[in-house]
Amino acid sequence: MNLIINKKRALLAYSKNIIFANFEMLATHDKYTKKHSQNVALTAKKIAREMNLNNYLVEKTYLADLVHDIGKGFILPDLLNKKSKLTGEELSIIQKHPQWGYYNLKQIDDLSEIANFILYHHERWDGTGYPNKLSGNQILLVSQILSVVDAWDAMTTDRSYRSALSKDKVIAELINGSGSQFSPQIIEVFLPMVVN
């Protein structure tokens, strides 16, 4: 039993090293994404703990969320930081980042689970997301967490194309999106963490 636990710990430590290397590489490409990813990873870890997920899955949640936008490393910075409205073609390029992140990490056996979490983080509860139009609990739990926290952080921070929204407005957006964009279960866990 101890041998299995030690092997699991060693693999997680190895995975962390690769994740942090990828994270730092993305940070040199896009400064906003570094801070965003750190915020998302720390908040998602809190949600995973609040949901009483086991320690291994809590750590996987943190690592996946830290590199959820790694696929953006394949997008030109001018497009990532565009201040005006995206064209249809530009939007379709941006929407490929979960797939590119997935392909980047799935090549490493120990990161295949994390790669799947990344692939599904823009799926929507109602099945209208991307890239696979998954719905409900077809979406992996960690991806459901990531979807909510990613949206929260994106809306509450300044972006190249708009200023941060007020906390009240973002909370209203999350409530309105529960059951359509977001998992109702995750919204139910997350909202008490941010409503004061």
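Numbering starts at 1 and runs along the sequence shown.
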Practice item. Look only at the side chain of Asn54 and the backbone of Leu57, and say whether a donor-acceptor pair between them is shorter than 3.5 Å. Key: yes

Exercise for review: In sequence, state the C-alpha distance, the side-chain angles, and the governing distance for Gln144 and Trp125, and then conclude on side chain to side chain contact (heavy atoms under 4.5 Å, CB included).
Suggested key: CA-CA 8 Å; Gln144 292 174 34; Trp125 192 254; 3.5 Å; yes

Point to revise | Cluster check Tyr102, Val142: I/L/V/M/F/W/Y, side chain < 4.5 angstrom | key: yes

Point to revise | Minimum heavy-atom distance between Met51 and Leu141, given as atom pair plus value | key: CE-CD1, 3.9 Å

**Study point:** Check: Asp153 main-chain N/O paired with Thr157 side-chain donor or acceptor under 3.5 Å
**Key:** yes

Practice item. Please report the closest heavy-atom contact between Pro184 and Ser178, naming both atoms and the distance. Key: CA-OG, 3.3 Å

**Study point:** Candidate pair Glu173 and Met155, rule side chain to side chain contact (heavy atoms under 4.5 Å, CB included), full reasoning
**Key:** CA-CA 9 Å; Glu173 290 284 333; Met155 289 188 281; 4.0 Å; yes

Check your understanding: Is the backbone N or O of Leu134 less than 3.5 Å from a side-chain atom of Asn132, with the two atoms forming a donor-acceptor pair by type?
Key -> no

Point to revise | Distance, nearest 0.5 Å, that separates CZ of Phe182 from CD1 of Ile145 | key: 13.5 Å

Practice item. Side-chain contact test, heavy atoms from C-beta onward, threshold under 4.5 Å: evaluate it for Arg124 versus Ser135 and give yes or no. Key: no

Which atom pairs, one a donor and one an acceptor, fall under 3.5 Å between side chains of residues 87-94 and the rest of the protein, sequence neighbours left out?
unit_1	atom_1	unit_2	atom_2	d
Thr87	OG1	Glu90	N	3.1
Thr87	OG1	Glu90	OE1	3.3
Glu90	OE1	Lys82	NZ	2.6
Glu90	OE1	Thr87	N	2.8
Glu90	OE2	Lys82	NZ	3.1
Ser92	OG	Glu89	O	2.8

Check your understanding: Are the side chain of Lys167 and the backbone N or O of Val194 linked by a donor-acceptor pair below 3.5 Å?
Key -> yes

Check your understanding: What closest approach, in Å, do Pro98 and Tyr130 show between heavy atoms, and which atom pair accounts for it?
Key -> CG-CE1, 4.0 Å

Review point. Do Lys45 and Asp65 come within less than 4.5 Å of each other through their side chains, counting heavy atoms only?
Key: no

Review point. So, Thr128 versus Asp126: side-chain donor-acceptor pair below 3.5 Å or not?
Key: yes

Check your understanding: Just wondering, do Ser147 and His121 contact through their side chains at under 4.5 Å, heavy atoms?
Key -> no

Review point. Asn176 side chain to Ala172 main-chain N or O, any donor-acceptor pair under 3.5 Å?
Key: yes

Revision key, fill the gap. d(Leu174 CG, Lys169 NZ) to nearest 0.5 Å is 11.5 Å

**Study point:** Lys133 with Glu123: basic N within carboxylate O range, under 4.0 Å
**Key:** no

**Study point:** Smallest separation among heavy atoms of Ile70 and Gly101, with atom names
**Key:** CG2-CA, 3.5 Å

Review point. Side chains of His68 and Asp150: closer than 4.5 Å at any heavy-atom pair?
Key: yes

**Study point:** Non-hydrogen side-chain atoms of Gln181 and Val148 separated by less than 4.5 Å
**Key:** no

Point to revise | Straight-line distance of Ile118 CD1 to His97 NE2, nearest 0.5 Å | key: 9.5 Å

Exercise for review: Calculate, to the nearest 0.5 Å, the distance between atoms CG and NZ belonging to Asp78 and Lys83 respectively.
Suggested key: 10.5 Å

Check your understanding: So do Lys72 and Leu80 actually touch side chain to side chain, heavy atoms under 4.5 Å?
Key -> yes

Review point. In Å and rounded to the nearest 0.5 Å, what is the CG to CG distance from Leu42 to Leu66?
Key: 8.0 Å

Practice item. For residues Met193 and Trp152, determine if any side-chain heavy atom of one lies less than 4.5 Å from a side-chain heavy atom of the other. Key: no

Check your understanding: In terms of hydrophobic clusters joined by side-chain contacts under 4.5 Å, are Val40 and Leu191 together?
Key -> yes

Study note, to complete from the structure: Nearest heavy-atom approach of Phe117 to Leu146 is O-CD2, 4.2 Å

**Study point:** Atom of Ile114, atom of Ala64 and distance for their closest heavy-atom approach
**Key:** CG2-CA, 3.7 Å

Review point. Between Glu188 and Gln185, is any pair of side-chain heavy atoms under 4.5 Å apart?
Key: no

Check your understanding: Quick one: salt bridge (charged side-chain N to carboxylate O under 4.0 Å, His left out) partners of Glu50, sequence neighbours excluded?
Key -> none

Check your understanding: When rounded to the nearest 0.5 angstrom, what distance separates CG in Leu105 from CG in Leu63?
Key -> 10.5 Å

Check your understanding: Does Trp100 offer a backbone N or O that forms a donor-acceptor pair with the side chain of Asn104 under 3.5 Å?
Key -> no

